[in-house]
Amino acid sequence: AEKGNHITSACSIIIGLRSSLDLEAGGELAANLDSLYDYMFRRLMDAHVNNDEAALDEVTSLLREIKSGWDALPQETTAGGEVASSMAGA
């Protein structure tokens, strides 16, 4: 049951990330992120159905990589600046 709750939480995070994309304004970057988020969501569903720990590890690694990319942006950019908004397509 606990594993299922963690997968549900991860799916919610990915859905939130995906829903924040503006595919029209975000161009190729937003489209690529949309595809990546879709892939990660499907991998989580596979992990849940098939009890696939490797799939969970893969999604965890991808989410950490995305987070490190955001963390690497200059502070003023992530504090509501134009670059952060344009990356998300907002």
Side-chain angles (χ1 to χ4, degrees):
E2 186 175 346
K3 179 186 80 168
N5 290 338
H6 291 298
I7 291 174
T8 299
S9 293
C11 285
S12 294
I13 290 168
I14 291 170
I15 289 168
L17 289 168
R18 195 170 184 199
S19 69
S20 72
L21 296 173
D22 182 337
L23 296 175
E24 290 182 28
E28 184 179 353
L29 176 60
N32 289 342
L33 285 171
D34 184 60
S35 295
L36 178 61
Y37 297 153
D38 177 62
Y39 173 78
M40 289 191 296
F41 186 84
R42 287 183 287 114
R43 289 294 284 157
L44 287 173
M45 292 298 97
D46 289 342
H48 183 64
V49 170
N50 300 314
N51 202 25
D52 184 352
E53 194 168 321
L56 293 176
D57 291 341
E58 178 185 10
V59 173
T60 299
S61 175
L62 290 168
L63 284 170
R64 283 189 179 133
E65 192 169 332
I66 290 167
K67 182 185 181 310
S68 71
W70 279 105
D71 289 346
L73 291 173
Q75 191 64 27
E76 63 273 6
T77 304
T78 58
E82 291 180 26
V83 174
S85 296
S86 66
M87 285 187 70

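Worth saying up front: this structure is predicted, and the values here are computed from it rather than measured.
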Heavy-atom distance under 4.5 Å between the side chains of [X] and [Y], does that happen here?
X	Y	answer
Trp70	Leu73	yes
Phe41	Leu17	no
His48	Thr8	no

Spatial distance of atom [atom1] ([X]) from atom [atom2] ([Y]) [nearest 0.5 Å]:
X	Y	atom1	atom2	answer
Glu58	Leu63	CD	CG	10.5 Å
Leu33	Asp38	CG	CG	12.5 Å
Arg18	Ser35	CZ	OG	7.5 Å
Thr60	Leu44	OG1	CG	8.0 Å
Leu36	Leu62	CG	CG	5.5 Å

Carboxylate-amine/guanidinium proximity below 4.0 Å for Asp46 and Arg42 |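 Answer for the salt bridge query: no.
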Heavy-atom closest pair, residues Val59 and Met40 | CG2-O, 3.7 Å
Contact summary for Leu21 and Ala30, nearest pair of heavy atoms =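 Looks like CD1-O, 3.6 Å.
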Could I get the full list of side chain to side chain donor-acceptor pair (under 3.5 Å) partners for Asn51, not counting sequence neighbours?
-> Lys3
For the side chain of Ser61 and the backbone of Asp57, is there at least one donor-acceptor N/O pair under 3.5 Å apart?
->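 Side chain of Ser61 to backbone of Asp57: no pair is present.
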